[in-house]
Amino acid sequence: MLLAELARVSGEVAATSARSRKVELLAGLFRDAQPDEAPVVIPYLAGRLPQRRTGVGWSTLREAPAPAAEPTLTVREVDRRLGEIAAVSGKGAQAERKRLVGVLLAAATAEEQFFLFRLIGGELRQGALDALAVEGLAAAVGAPPEEVRRAVMLGGSLGAVARALLAGGPAALAAFRLEVGRPVQPMLAQSAKDLDEALDRAGPCAVEEKLDGIRVQVHREGARVRVFTRTLDEITERLPELTAVALGLPVSSAVLDGEVIALDEHGRPHAFQDVAGRVGTRPSAAGGGPGAGLPLSPVFFDVLAVDGQELLDLPTAERHAVLERVVPGPLRVRRLAVPDPADGAARAAARAFADDVLRRGHEGVVVKALGAPYAAGRRGAAWLKVKPVLTLDLVVLAAERGHGRRSGWLSNLHLGARRPDGTFAMLGKTFKGMTDAMLEWQTGRLRELAVADDGHVVTVRPELVVEIAFDGLQRSTRYPAGVALRFARVVRYREDKPAAEADTVETVLALGRREAPPE
DNA sequence: TTCCGACAGTGGGGTCGCAAT
DNA sequence: ATTGCGACCCCACTATCGGAA
């Protein structure tokens, strides 16, 4: 199959907004793929490369050579060359990758270059990713979409499922089941505004502490242990503690879902940044970054399989019962069962539990419906996370031009807190929380306040106040106050408030001290 | 007809490994 | 030794489509 065909279909997919039409277009292309091409064609049209890392990003792609006049590149050839590029390492690697990318792009037509650019850059932006590619694949082979989705979630990659389906037809789906040692897409949580809303939506549920660390999926088969991240990268070697813990469990095999955090000598959690630093550090590194050498604590909250038995379809309550049997208390997340959330006393107990979780320094709670199965790969309403939200009134210092559907609008705001001398300290940026109407309005208002424009960032007079919600503060070397806002988003503009009454740096830093009390 | 679940897009800060400077 | 790039941890929110109610 020629790359030109993929580029053409991708363009058509991008040009229609109807999801049903996107799926039809994808299915048509997938039907034409050979079984051995499918593991490449299908990820490409889902905007992903089978090579997880190529070492090539936007910077390396900056200068494109003149395009070829005629399409000659096959999909197989592109995949082969990208595999070569990904394998380059050592001294001179960057220049060599750049050269090889240049050779590849020179063999591509203008339309193919546009496709490769976005594909390699990781932002295809055609309005279809894995979910629609799965539907397209199902349509192409005449299999039930839900079964194909489940096979991909349990059986690993889209490419592997595609190859089997195109070669063997719908019957091949039976082979894709949960297998110890092969990672499963983790179940994800939706957000709820507060605990009451979560309890109302969940029905009979358990309230669990939400720990601020790194999600891990631990597989044990006999003496063999493997640990995976949320995106299914294997990190076994970086977390020897987890192997030791898994081998200590009274089972022959198991798949566990949990979080790794780090606790100080008082049992309070270390900052997420420190945990992420430790988890990101390879054992070979003699590093001294923040968190290097920090001992990690795994805390498990679900079990997907144990001793040859698959548990995914059991209700949460039954999976929890198994978890309690195979994992000792200190390694399990704390949890309060709330069988009847409508009951006032039960609700009060849930609230007290959640307050205690926060008092102990954790992030919040997750409310889990007791009757729900483990929905691999789904961000369903069966799990609802609740975290406290902080707000500040900050001043817009500048705004960046938006991209894609935000082209033409000023989108990403630079936010500052007031200093005693009337200047402002930037605390971060945000592009979240705005409706199209707000984008339209702020673009006009900020243009009136503009004092400089470098083509990307429009600097404005610091007069516009905006209420910002965020989850907390984190250490920063980038921003002058030494802290940055975590997950900042716009709540509303405060045109009623002059910049002279915006929140001060001192107020912000006091928040930080309250978040992490000494001793 | 209206409602709502699932998706994709739009980017945020921090940290590491690795190569270039 | 420091800097820049790529990758990957954590992530919130809105708009849209299309099936459910």
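So that the names make sense, note that chain A is the first sequence line, chain B the second, and so on, each numbered from 1.
Gln126(A) comes within contact range of the sugar-phosphate backbone alone, with a heavy-atom separation under 4.0 Å but no base atom that close. Gly122(A) comes within 4.0 angstrom of no nucleic acid atom, judged by non-hydrogen atoms across all strands. Contacts of Asp212(A) with the nucleic acid, taken as non-hydrogen atoms under 4.0 Å apart, are absent. Note on Glu123(A): nothing from the nucleic acid sits closer than 4.0 angstrom, heavy atoms only.
The side chain of Asn412(A) places no N or O atom within less than 4.0 Å of a non-bridging phosphate oxygen (OP1 or OP2) of dT10(B). Contact check, Ser59(A) against dG4(C): no side-chain N or O comes under 4.0 Å of OP1 or OP2. For Thr229(A) and dC9(C), the shortest distance from a side-chain N or O to OP1 or OP2 is below 4.0 Å. A sub-4.0 Å separation between OP1 or OP2 of dG11(B) and a side-chain N or O of Thr430(A) is absent. One finds no side-chain N or O of Arg53(A) lying less than 4.0 angstrom from the OP1 or OP2 phosphate oxygen of dA7(C). Taking only side-chain nitrogens and oxygens, His403(A) comes nearer than 4.0 Å to OP1 or OP2 of dG11(B).
Between Gln94(A) atom CD and dT21(B) atom P there is a gap of 8 Å when expressed in whole angstrom units. In this entry the distance linking CZ of Arg215(A) with P of dC8(C) reads 18 Å, nearest Å. Here the P atom of nucleotide dG11(B) and the CD atom of Gln442(A) are 12 Å apart, to the nearest Å. Rounded to whole angstrom, the span from the CE atom of Met438(A) across to the C1' atom of dG11(B) amounts to 16 Å. dC4(B) atom C1' lies 11 Å from atom CZ of Arg201(A), rounded to whole Å. In this structure, Asp274(A) atom CG and dT15(B) atom P are separated by 8 Å, rounded to whole Å. Distance CG (Leu188(A)) to C1' (dA6(B)): 13 Å, rounded to an integer number of Å. The distance between atom CZ of Arg478(A) and atom P of dT15(B), rounded to the nearest whole Å, is 10 Å.
In summary, Arg149(A) and Glu146(A) engage in a salt bridge, as defined by a charged side-chain N under 4.0 Å from a carboxylate O. In this structure, Arg226(A) pairs ionically with Glu234(A), as a charged nitrogen and a carboxylate oxygen lie closer than 4.0 Å. With respect to Arg401(A) and Asp453(A), a salt bridge is recorded, a charged nitrogen being found less than 4.0 Å from a carboxylate O.
Here the nucleotide nearest the side chain of Arg52(A), chosen from dC8(C), dG13(B), dC10(C), is dC8(C). In this structure, of dC5(C), dC7(B), dC8(C), it is dC7(B) that holds the atom nearest to the side chain of Ala131(A). Minimum atom distance to the side chain of Lys210(A) is reached by dC11(C), of the listed dG12(B), dC11(C), dG13(B). Of all nucleotides listed (dA6(B), dG9(B), dG13(B)), dA6(B) comes nearest to the side chain of Arg378(A). Here the nucleotide nearest the side chain of Thr231(A), chosen from dG14(B), dG12(B), dC8(C), is dC8(C). Distance from the side chain of Gln273(A) is smallest for dT15(B) among the nucleotides dG13(B), dT15(B), dA8(B). Of the listed nucleotides (dC10(C), dA8(B), dA19(B)), dA19(B) has the atom at the smallest distance from the side chain of Ser89(A).
Residues Gly280(A) and Tyr479(A) each lie close to DNA chain B; by heavy-atom proximity, the contact nearer the 5' end of the strand is made by Tyr479(A). Across the interface with DNA chain C, nearest-nucleotide mapping of Gly55(A) and Glu259(A) shows Gly55(A) to be the residue nearer the 5′ end. Remark on DNA chain B: of its neighbouring residues Gln190(A) and Ser411(A), the 5'-side contact belongs to Gln190(A), judged by nearest-heavy-atom nucleotide.
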When every nucleotide of nucleotides 12-17 of chain C is labelled 5' to 3' by its protein contacts under 4.0 Å (heavy atoms), B for base, S for sugar-phosphate only, - for none, what sequence of letters results? BSSSBB
Tell me, with the steps shown, if Arg201(A) and Asp196(A) meet salt bridge (charged side-chain N to carboxylate O under 4.0 Å, His left out). CA-CA 9 Å; Arg201(A) 286 172 62 187; Asp196(A) 279 325; over 6 Å; no
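The closest side-chain donor-acceptor pair between Gln190(A) and Trp383(A), if any, does not fall under 3.5 angstrom. Between Tyr374(A) and Asp257(A), the side chains place a donor N or O and an acceptor N or O closer than 3.5 Å (distance only, hydrogens not considered).
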All N/O donor-acceptor pairs, side-chain side in residues 361-368 of chain A, below 3.5 Å, sequence neighbours left out:
| unit_1 | atom_1 | unit_2 | atom_2 | d |
| --- | --- | --- | --- | --- |
| Glu363(A) | OE1 | Lys210(A) | NZ | 2.9 |
| Lys368(A) | NZ | Glu208(A) | OE1 | 2.8 |

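Using cut-offs of 30° and 60° for the angle between ring planes, the His403(A) and His456(A) rings count as tilted.
Base pairing of dC3(B): its partner is dG19(C), meeting the Watson-Crick or G-U wobble criterion (both donor-acceptor distances under 3.5 Å).
Annotation: cation-pi geometry not satisfied between Arg182(A) and Phe176(A) (NZ/CZ under 6.0 angstrom from ring centroid, within 45° of ring axis).
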